[in-house]
Amino acid sequence: MTQNPNLNLWLIPLLPLAGAALNGLFGARFPKRMVTAIAWIFPGLAFLQALWITSKFSGLGLPYIESHGAWVQISSFTVDFGFYLDQLSLVMLLVVTGVGFLIHIYSAGYMWEEGGYYRFFAYLNLFMFFMLMLILANNYLLMFVGWEGVGLASYLLIGFYFLKHSASQAGKKAFIVNRIGDFAFLLGMFLLIKTFGAASGTEVNPVGAVNVLDFTHIFSSIAGHPEMFAIGTAGSLTLTIIAFCMMFGATGKSAQIPLYTWLPDAMEGPTPVSALIHAATMVTAGIYMVARSSIIFDHAPAAQAAVAVIGAVTAIFAASIGITQFDIKRVLAYSTVSQLGYMFMACGVAAYSAAIFHLMTHAFFKALLFLSAGAVIHSLHHEQDMRNMGGLRKKLPITFAVMLVGTIAIAGIPPFAGFFSKDEILWKAYSSPHGHWALWLIGIITALMTSFYMFRMLFMTFLGERREAAHGHEEDGHGHDHHEIHESPWVMLAPLVILAALSIVGGWYWKPAVFSGENKFDAFLSPVFEHKAEPAAHMPAGGAPQTGAVESHDETALAVPSHAAPNGAGEHGNEELEHQLAYLSVAIALMGLGLAYLLYVRRPELPARIAESLGGSYKAVYNKYYVDEAYQAAVVDPIVDGSTDVLWKGMDVGVIDGAVNGAGTSAKFLSDRLRRMQSGNIRSYAVWVALGAAAVLAYMIYMGVQ
Amino acid sequence: MNPTTNEIQSIAILPELILSVAGIVVMLADPFLGAKSNRRPLGYLALAGTVAALFATAMQRSSPGASYFRVIQVDDFSVFFHFVIIAITAVVTLSSLDYLEQQRIRAGEYYALLLFGTVGMCLMTSARELLMLFIALEISSIATYVLAGFRLRSAASAESSLKYFLLGSFATAFFLYGVALIYGATGTTNIPAIAAKLAEGSTTGLTVMALALMIVGMAFKISAAPFHVWTPDVYEGAPIPVVALMSTGPKAAAFALMLRVLFGAFGSLNEWWMPLIWVAAVLSMTLGNIGALMQNNVKRMLAYSSIAHAGYVLVAFAAQKEAGVSAAIFYTATYAAMNVGAFAVASYQAGEGERYVSIDDFAGLGRRSPVLATTLTIFMLSLIGIPLTGGFFAKFYVFKAALASDMIWLTVIGVANSAIAAYYYLRLIVVMYMKEGDESTPLLPVPVSVATGLLVAAGLTLYLGILPESTLDFAIKGARQLLLIH
C-alpha cells in the first residue's frame, strides 16, 4: 500500500465554480476584459492542476480516493462527498480541462460582439464545474449531480440566443429528452442501492459498509462474489436490469438511438458551446458512465450486446443523415452522433480502452471541426448553409488548413489521430469475444460514409466558386460584402492550431498493437477494466490499496468474461488479418474522399441529379427519416391530447382557463362564471368525491368477502 | 423526561397558545386603526406571533411526552411539523403584506384568520385523540374557507370559497362518520388505544368501514386523486398568498394526521389500506402531471402540480416502515419550502386584481426583476427535482424507500412521472428568461418583506438539497417515535 500525497482534487471542480460565481454575480459590472480574464483563469488553473496530477500520476496508488466526509448520512445509508481518480478519470480530466480551456479562449473572440458576454462565460464555467464533478465523483449519486448539472448548463447555453424561438425550443427539447434518459439512470441507481445496500453481515456486505453507492463498494462487491453474479444467476439478472437502465440513461446524454433527437437541434446554441458540450465533453458522459460501470456490463451480456447494436445502428443511421444535410453545423452534429455510436459499439464489445481512446481523439478533432466551422460562420456573418459558401480557401487559408486536418483525422486516414482510434474500434468489433463481423461491416460502411460527407463538407465550403444566397448578406443592411471576409482573430485561430496539432499527433503515442507491437494506451487503461477480486472492504479515506499493473487472472475472476485478456498471445495469430483490415479501412477512407471530390469538385451538378433520381428515399433521409415527426405523433401528441381533451375539457368542465388574462374580470366573464357555477359544477365535483368514496367502500367490502 | 401524561402542561400547547393570543390581539387592534389606513402593522404583529411560536416549538423539544389526559402528544414528529407549519405561516404573512396593499384589501381579520388556521393545523399534528383531531381539522378548514374568499371584489374568489366550503364539509363529514364507526367498533377514540384494540382482536366490518371513510376524508384534504377535482378551481379563485398556505400548511397537517391515523391507529390493518394508497399515489401523480401540462394559468398549473406531489408523498406512505414515514415527513417539509416560495413570487408578480397570472405574463421577468426570476427558477428546479435542491433529495428518499419495500412498479411509475413533470415547470423558466415581454412593462422592484420571504424559502430549498442531513435525521427521529408510541 502506497501512501498517496494529497492531490486536492476538490479544487479542480471548484475553480470553475468560483469563476462562474464571480462572473454570474458581478459580471454585469465588470469590464469585458476582466470578465474574459476570470473566465480564462479559473478553468486554466484547473487544467494546470490536472497537468500537475499527471506528472505525479505514476507514483500513485490507484484508485486514488479523496473523501471529504459524508455528504448525507442516514442510518444505514451514507453518501460521501468524495473524489475518485484512476487512469480513466485522468484521461477524462485532461480532455475536459484541456479542450475546455482552449474553447474558453476561442469563445472570447467568437462571443466578443454578442450581448450577455459575462452571462455566457458564467454558464460555460458552470458547465465545467458540473462536468468535472461528473468525472471525478467517487459514487453514483455525486456523479448524478454532475450528470443533471451538465444537462442544466447545456440547456442554458443552447437557449443562449433566447430571442430566437428555435433556440429556446431546442434548449427545452434537449433538457426534456435528457430527463427521460435520467429517469432510467435514477432507476438503475435505486436498484444498485437495493442490491448492494444489503444489511450488514449479509454476503454482499459482510462488514456492513454503508457507502452503498461508492464505486469501490459496488465494484469490489461484484468482483468479490463471482459465484453470486456469475452469468445465468439471479445476481447476473439483477445486474442486467441495472445495466439496461444505465444504458438507457447513456443513450440520452450521449445522443444514441432512441434519444439522439435533441443533439442536432442543440446546434441552435453558439458554436463554441456545440464544440465544448455537444462534441467534446458532455455527450461523452454516457460513454464514460458505461466504461466506469464496465464490471456491471461485463456481468450483463444481454445489455452489453444491446449497447453494441445500438452503437452500430446509431453510427450508420446518423452518418446516412449527415450525407444529406446542408447546414454545416448539422453535418457536424450528425457526425458527432455517428462517432458516439462508434464509442458505444466499442463499449458493447467490451473494448472500453478503444472507446475511451476514440473519445479522446474525437474530442480533439471534433472540437477542431466545430471551432473552425464557427470561424467560417463568424467570417460569413452567421451564414451556416453550405450551399451559400464555396471558394473560401483563399480568403480563409488558416481556417481551411486546420479544417483539412480535422477532416483527414475524422475520415480515418493515417497518420492522423482518428485513424488509430477508429481502426482500434473496428478491429475490436471484429475480433473481441463479444464482437461480430456484422458490427465490423456496419462500422466500415459508416467509415466510408464519414469520409464522404466530411470531405463533401470541406469541398462545398472551401473549394469551387463562392455561391451566394438569393438574399445575400450584402443586402441585409449590415453592409458586409465579400471583401470583408477575413480570417478570424488570433484568439480564435490559436486554439484551432493547437487542436489541429493534437488531431495529428494525438494517436501516435498510443498506437494500436499492430503498428508498434505494443498498445500503450490500452496497457495504461486496462487495469481499470480488469475486475479482480479484492477484499470487499471499505476504503479508508485518502489512501487506497489497489491492484498493481497487469497480473494474470486468479481463479476467482474466471467467472468474468475474458475480454480483458491482455493483448498478447491470443491475438498474435490475427496480426496478419488486423493488418489487412487496417489497409482496407484506409482504402475505404480514400474512396470516400475520391467520391466526394468527384461529386462536389469535378462534377458539382451530379449530386442534385442523384438526389432527384433517388426520389422518396433521398427525401426520407434528408428529412432525418421523419423520426422527430414520428415521436411527435406517437408520444407527444397523445399526451398533449390526453391532457387537453380528457383532463382539461372533460374533467375541468366549465372552467375558462387561460382566457383569464388581463380583462378576465369583464362582465361577460363574470356572468359566464356564475352561470357555470349554478349549472351544477359543485354538484359534479361532489359526485366525483362520492364515486371515489363508493369505490373505496366497494374495495373494502371486496376485501372483506375474500 | 418524566413521562407525565395527565397533567395540564402548558408547554405542550404553548405554540398554539401564542398563536391564539396573537390572533386575538390582532382582532382587538384592528378597530384602533383608521378605516382608511393600511393594515401592515397588524401583519407585523402576526409575524411576531409566528416567530414567538417558533421559539416555543424549539422549547418543546426538551419536554416530550403525552399530556392533557393523553390528548396531546409532544415528540419529534409533532415538533417537526410545528416548525414546518409555523414557518409556512410566517412566509405567507410576509408575502401577504404587500399583496393586500396591492389588492386594496384592508382587513385585519385576514391575519387573525391566518393565525387561527395555523392553530388548527398545529393541533392536527400533535393530537392523538380522534375527536381532538377532528376539531383541529375543522379549525384549520373553516379559517381557510373564509380566507379563500378574501378577494371581495372577485366573483372567482367567492366561488372558490363556496366550493371549498361545500366540498370540504362533505369530505370532513366522511371523516367524522369514520370516527363514529371506529368508536362503535372499539369503544375509544384514543389512537394508541384503538391500535391496541385492533392488534388483539379480529377485524370487523365496522372497523374497515371506519378506515375507508376516514381515508376518503383525509385523501380529500391532501387533494389526492380521485378526490382532487376541487383543487384547480379553488386554487384559481383564492387569493394567491392563501393558495400558498392552502397548498402547503393544511396539507402538511393533513399528512401528519394521515400518518398518525394510518400508521398509528390502523397500523395492524396495513394490508387493507396499502392497495388503496398505492392506487391513489399512481392516480395522483399521473393525473396531476398530465393535467398540469396544458395549463396556461400559473395558479392552476401549480394546483395540478400539488396533486402530483401529494402522489409522491403517498408513494412514501406505501413504502411503509421508518424509511417510508421519514421520507414522507421530509418530502412534506421540502414541498412546503419550494411551493410557498413559488406562490410568493406569483402573488407579487400578479399585480392589482391578480391580472398577471397566466404563464405568458411571466415573460421577461428575468429582466424586470432578477430577484423574483432567480428565486422562482430555484423553486421550479426543485419542483422538477434537480440535484442540489431539496426537491431532488425528497424524491430520492421517497423512491429509495419505495424500492427498499419492493414497490418496483410504484417506483418506476413515480420516477417516470417526475421525468414528465420537467416539461411544465421548465415552461415557466423558459418564458421568464427566454421570451421578452412587452418592452414597456416597468421594472418590478421587490419590497423588503417579499424579498425576505423569498430568501427564506429559497435558502431552505437549497439547504435541504445541499445539506439535507440534519433535517433528515430529525425526520427519522420523528418517524421512529410515531411508530414507537403506537
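Proteins get letters first, then strands, A, B, ... in listed order; numbering begins at 1 in each. Remember, it's a predicted structure, so these values are computed and weren't measured experimentally.
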Taking it one step at a time, do A/Y155 and B/V430 satisfy side chain to side chain contact (heavy atoms under 4.5 Å, CB included)? CA-CA 10 Å; A/Y155 160 72; B/V430 169; 3.0 Å; yes
Could you pull out the closest heavy-atom pair between [X] and [Y], with the gap in Å?
X	Y	result
B/L276	A/M700	CD1-CE, 3.7 Å
A/G692	B/P226	CA-CG, 4.2 Å
B/P275	A/Y699	CG-OH, 3.0 Å
A/F183	B/A419	CB-CB, 3.8 Å
B/I466	A/W71	O-NE1, 2.6 Å

Could you go through the side chain to side chain contact (heavy atoms under 4.5 Å, CB included) check for A/E148 and B/F392 one step at a time? CA-CA 11 Å; A/E148 288 271 272; B/F392 171 72; 5.7 Å; no
Report, as yes or no, whether the 6.0 Å neighbourhood of atom CZ on B/F165 holds more than 12 heavy atoms from other residues, nucleotides or ligands.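 No, because the 6.0 Å sphere around CZ of B/F165 holds 12 heavy atoms or fewer from other groups.
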Is it the case that atom OH in B/Y177 sees more than 12 heavy atoms from other parts of the structure closer than 6.0 Å?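 Atom OH in B/Y177 is not crowded, with 12 or fewer foreign heavy atoms closer than 6.0 Å.
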Indicate yes or no: at least one non-hydrogen side-chain atom of [X] is less than 4.5 angstrom from one of [Y].
X	Y	value
B/F393	A/L141	yes
A/V696	B/F227	yes
B/P387	A/F144	yes
A/V689	B/W230	no

Proximity breakdown for [X] and chain A, heavy-atom pairs closer than 4.5 Å:
X	value
B/V279	neither
B/L388	side chain
B/A404	backbone
B/L166	side chain
B/Y423	both
B/L167	side chain
B/I420	neither
B/F399	both
B/S470	neither
B/Y397	side chain

Could you look at [X] and say if it's the side chain, the backbone, both or neither that has a heavy atom under 4.5 Å from chain B?
X	answer
A/L186	side chain
A/L152	side chain
A/A695	neither
A/F130	side chain

Which of the residues [options] is involved in the greatest number of heavy-atom pairs with chain A at under 4.5 angstrom?
options	value
B/G385, B/G205, B/A212	B/A212
B/D406, B/L403, B/V208, B/T411	B/L403
B/I384, B/V298, B/L381, B/I429	B/I384

For the pair B/L426 and A/R179, evaluate side chain to side chain contact (heavy atoms under 4.5 Å, CB included) and give the outcome as yes or no after the intermediate values. CA-CA 12 Å; B/L426 202 61; A/R179 281 291 295 182; over 6 Å; no
Interface residue of largest heavy-atom contact number with chain B, from A/W147, A/F81, A/F175, under 4.5 Å: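 Among the listed options, the one with the most contacts to chain B is A/F175.
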Would A/K194 and B/K400 count as a side chain to side chain contact (heavy atoms under 4.5 Å, CB included) here? Give the steps. CA-CA 8 Å; A/K194 191 167 168 53; B/K400 178 176 166 290; over 6 Å; no
